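Data first, discussion second: the structure below is written as structure tokens.
Bear in mind the structure is a predicted one, so any value in this text is a computation, not a measurement.
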Amino acid sequence: MSHLSQAEINEQVKILFNQIFNRETPITKKEQLAIPPQMMPAQDEHIRSHNLEEVALGYSAEQARVEAMRCIQCAKPACISDCPVSINIPGFIKHIAENDFQSAIDVIKETSLLPSICGRVCPQETQCQLNCATGKFNKSVDKAVAIGRLERFVADWEREQGAITPPEVKPETGKKVAIVGSGPAGLVVAADVRREGHDVTIFEAFHKLGGVMRYGIPEFRLPNDIIDQEVLTLEKMGVKFKKNYVVGRTRKLLDLMKKDGFDSIFVGTGAGLPMFMGIEGENLVGVFSANEYLTRANLMKAYDETNSDTPFFHSKNVAVLGGGNVAMDSARMALRLGAENVYVVYRRTEVEMPARVEEVEHAKEEGVQFLFLQNAKSIKGNEKSRVVGMECLRYELGEPDSSGRRRPVVIENSEFMLDVDTVIVAIGNGSNPLVSQTTPELTVNKWGNLIVDDKMKTSIDGIYAGGDIVLGAATVILAMGEGRKAAAAINEYLLEER
Amino acid sequence: MAKILHKEQLSADVYLMRVHAPLIVEERKAGQFIILQTDEEFGERIPLTIADANEAEGSITLIFQVVGKTTTELSQFNVGDNLPVLVGPLGKPTHIENFGKVVCVGGGIGVAPLHPIAQALKAAGNEVTTIIGARNKDLIILEKEMEAIADKLIICTDDGSYGRKDLVTAPLKEICENEATKPNMVIAIGPPIMMKFCSLTTKPYGVFTQVSLNTIMVDGTGMCGGCRVNVGNQVKFVCVDGPEFDGHLVDFDNMMARLSSYKGLETEALHKCNIDREFEAKLEEKK
């Protein structure tokens, strides 16, 4: 990735913009395919690695229109079928090219409810941008139309206009729906169910709304203001919120129906159960789940040492275990909290890393060091049980495994020590067992995920589930996709019940 | 928001509050805890055991010692004020049955969470002996309440200003040694070092000993894993698997090390360590 400043990028795009939009003859497809991809302006890496401000700054209107012209409006757009919520992608992009941003956002909102969030955190390179014709023509997925950035652009444009119109709500039906968890799945269900005129209450265990988007994904990737905005829209629609309320403990799930008269429930409690490696030394002082590390920094605002009462662990050398987005978030947060050396330790190679390419690039630019084909064997502590090092093993890639990725094979006697005082374990989450443990009537699979039918209905009539509690740890957009399906089923169920 | 209905000072730095929380009253059972914050924006989340509940008033009773910033702030809340964050009941309830003879050991502020458990054990038909320990007479809390429940009450102070001049482990050992008084079960709640030595005291006699752990926590619902402890070489989360565990299986040394994770940063952890250090010094003295 290049390192042009925002001013330099703006200068460059002016020329292109004139060539494309101020011309005598209509632009040809060939010319469109030759337009260079528009770079995302970002905060300087040396500055941003010490602040919590958003890294990616967003396209300018000129950049967005130039990028939109790279879309050749395919007759059979692969991007739509590769999008978990089937956004009419060429449709909204066409409006951007035509300078009609309002129509663009309206098109997105026909199918997606949280565009400013998805534009930021969706793994576009494995979804809508994967089979983009422009990318295929230019022989690289990196050269696909930047659909996510365009989505973010119009969503931000609408927010900056200050006039987000909440979706219309049908007359009250008198039916009550409880939503357990205010993460991406829950918020989407709330909107879709409320639109049909049902009385919707969202229950959240924490004191802030947004679920993993609040406690997990850091401010520098998804600013809290954006989540607040989405919540505000729901409030305007008449959705009610009950915070500091742990369904399963404060009230049993079924009691929401029996005692509080809810007609239907959506369970979107997420994948909040951190996995550990099961290696020696994992309970030493200085070993954290990524969940704890990020929750302290994000939700509890530990980064703001002057104001926050929640402490964070002061580290010099940090090892992050794992290769997903959560590992990238943890590593980049550790830098921002003052660590001098941050290593991402991953047992496969960069190609197999599940993290978004952009996050990996950003992490590298900021100085995160990647140790591929290596993994932790044990964690060593001193007499005070504090981490003083991590014993690692080297790996090589062998035959492909069931996931199709080449299996990492340990190299015998390759042990070596990594000098670290902190280890963050980011190897995934199991599903949070609180609701299922206190609701024996719910059936779960061997990983603790709730079992649902093709309409997202659980083993109990009227109770639906979606997102990570069903999928295992996945992505915001997949959770939203499931939420939409569940909401449709809930609306149908309440209609039949009437 | 949870309104404070009643506040009283039990000793120099120990307070009792009754807080309006009707939903928690409905669900709570002995052994469970809540998490609170004194400030929604920047406050820390701290776990406190529910000491009692009043159904008529819809209130739970919290008893806390001022040890750090959050408990200091909490002590400055008055009747009529609202706690911005109060969530619960969390954790698994205590397993209550008629074991026969039980000994309930409470150290310092640990007497507060012990009280509803002793109450429930008594109600289940157990013969309850209670041992209360504190540094000095002023720090003994809930003596009357415990006396009302217990078939026998023993009080120990470190300085001998009240009751026996002993650590709680001394009468506990005597009770276990004597075949006539040997208990079927012991429950110990107090500073980690006290629970560790109570467990070590009962182990040679094969008396099942339950301890209630109070570790560092963030969410209290199993999401962060900050509260994890080694129990019988398995990793357990205090918030969802506990807070009560078999004291003979708990790795107290690791737990105490983890409690000091933010030593120097977090005065509360620092203070807990001071309590531990005093206890350790006392033990040394005894030897």
Side-chain angles (χ1 to χ4, degrees), chain A residues 205-208 212 215-216 242-246 248-252 255 259 269-276 278 282-296 299-302 304-314 381 383-386 425 429-430 432-434 437, chain B residues 1-2 21 23-24 26-28 32 35-46 68-70 73 84-92 216-230 235 237 239-240 251 253-266 268-269:
Chain A
F206 270 129
H207 54 292
K208 296 270 171 127
V212 71
Y215 71 72
K242 281 205 192 296
K243 297 187 285 185
N244 305 308
Y245 196 116
V246 184
R249 290 273 194 238
T250 310
R251 261 273 199 265
K252 301 280 184 295
D255 281 346
K259 293 186 179 173
T269 45
L273 186 75
M275 291 184 197
F276 288 92
E282 226 168 2
N283 278 7
L284 290 168
V285 175
V287 185
F288 301 90
S289 72
N291 285 1
E292 181 183 1
Y293 197 78
L294 290 171
T295 302
R296 284 178 179 273
L299 175 78
M300 305 310 294
K301 304 193 172 164
D304 184 354
E305 277 195 284
T306 358
N307 290 311
S308 178
D309 292 344
T310 301
F312 68 84
F313 196 74
H314 289 234
E383 72 290 349
K384 289 177 176 165
S385 295
R386 295 190 161 240
V425 186
N429 274 280
N432 193 296
L434 253 188
Q437 269 176 9
Chain B
M1 296 278 249
L23 285 174
I24 299 178
E26 226 177 289
E27 288 290 324
R28 74 100 208 183
Q32 289 188 296
I35 279 183
L36 63 79
Q37 285 175 235
T38 50
D39 182 88
E40 192 182 61
E41 225 29 54
F42 294 109
E44 188 175 11
R45 291 169 75 85
I46 62 158
K69 186 162 187 284
T70 305
E73 279 174 10
V85 174
L86 179 76
V87 59
L90 301 170
K92 286 188 176 162
I216 293 174
M217 269 181 207
V218 183
D219 62 300
T221 62
M223 192 275 285
C224 85
C227 63
R228 64 193 191 279
V229 287
N230 287 322
V235 176
F237 287 5
C239 67
V240 287
D251 179 349
D253 293 336
N254 178 257
M255 179 204 161
M256 286 187 271
R258 289 186 60 77
L259 269 173
S260 69
S261 293
Y262 299 97
K263 203 170 173 179
L265 291 170
E266 188 193 47
E268 177 156 356

| said: Taking side chain as everything from C-beta outward and backbone as N, CA, C, O, which of these in B/Asn254 sits under 4.5 Å from a heavy atom of chain A? Side chain, backbone, both or neither. | reply: side chain

| note | OG1 of A/Thr295 to CG of B/Asp219, rounded to nearest 0.5 Å, is 7.0 Å

| said: Given heavy-atom pairs under 4.5 angstrom as the criterion, report whether the side chain, backbone, both or neither of B/Arg45 touches chain A. | reply: both

| said: Among B/Glu41, B/Gln37, B/Glu40, which residue satisfies the side chain to side chain donor-acceptor pair (under 3.5 Å) criterion with A/His207? | reply: B/Gln37

| Any donor-acceptor pair under 3.5 Å from A/Asn432 side chain to B/Thr221 backbone | yes

| said: To the closest 0.5 Å, what do you measure between CE (B/Met256) and NZ (A/Lys384)? | reply: 15.5 Å

| So how far is it from B/Cys224 SG to A/Leu294 CG, rounded to the nearest 0.5 Å? | 11.5 Å

| query | How many angstroms lie between atom NZ of B/Lys69 and atom OG1 of A/Thr310, to the nearest 0.5 angstrom? | reply | 9.5 Å

| query | Where does B/Ile35 contact chain A at under 4.5 Å (heavy atoms): side chain, backbone, both or neither? | reply | neither

| field | Non-hydrogen side-chain atoms of A/Asp309 and B/Asp39 separated by less than 4.5 Å | value | no

| Flag if over 12 foreign heavy atoms under 6.0 Å of NZ, A/Lys242 | no

| Inter-residue atom distance B/Arg258.CZ - A/Arg386.CZ, 0.5 Å rounding | 11.0 Å

| request: Give me the ring orientation class for B/Phe237 and A/Phe276: parallel if the planes are under 30° apart, tilted from 30 to 60°, perpendicular past 60°. | output: perpendicular

| Flag, side chain of A/Asn291 to backbone of B/Met223, donor-acceptor distance under 3.5 Å | yes

| message | I'd like to know whether A/Tyr245 forms a side-chain contact (heavy atoms from CB on, under 4.5 Å) with B/Leu23, so could you lay out the CA-CA distance, the side-chain angles of the two residues, the decisive distance to 0.1 Å, and finally the verdict. | response | CA-CA 10 Å; A/Tyr245 196 116; B/Leu23 285 174; 3.5 Å; yes

| Check against side chain to side chain donor-acceptor pair (under 3.5 Å), A/Asn283 and B/Arg228 | CA-CA 7 Å; A/Asn283 278 7; B/Arg228 64 193 191 279; 3.0 Å; yes

| field | Atom pair NZ/CZ of B/Lys92 and A/Arg249 - distance to nearest 0.5 Å | value | 8.0 Å

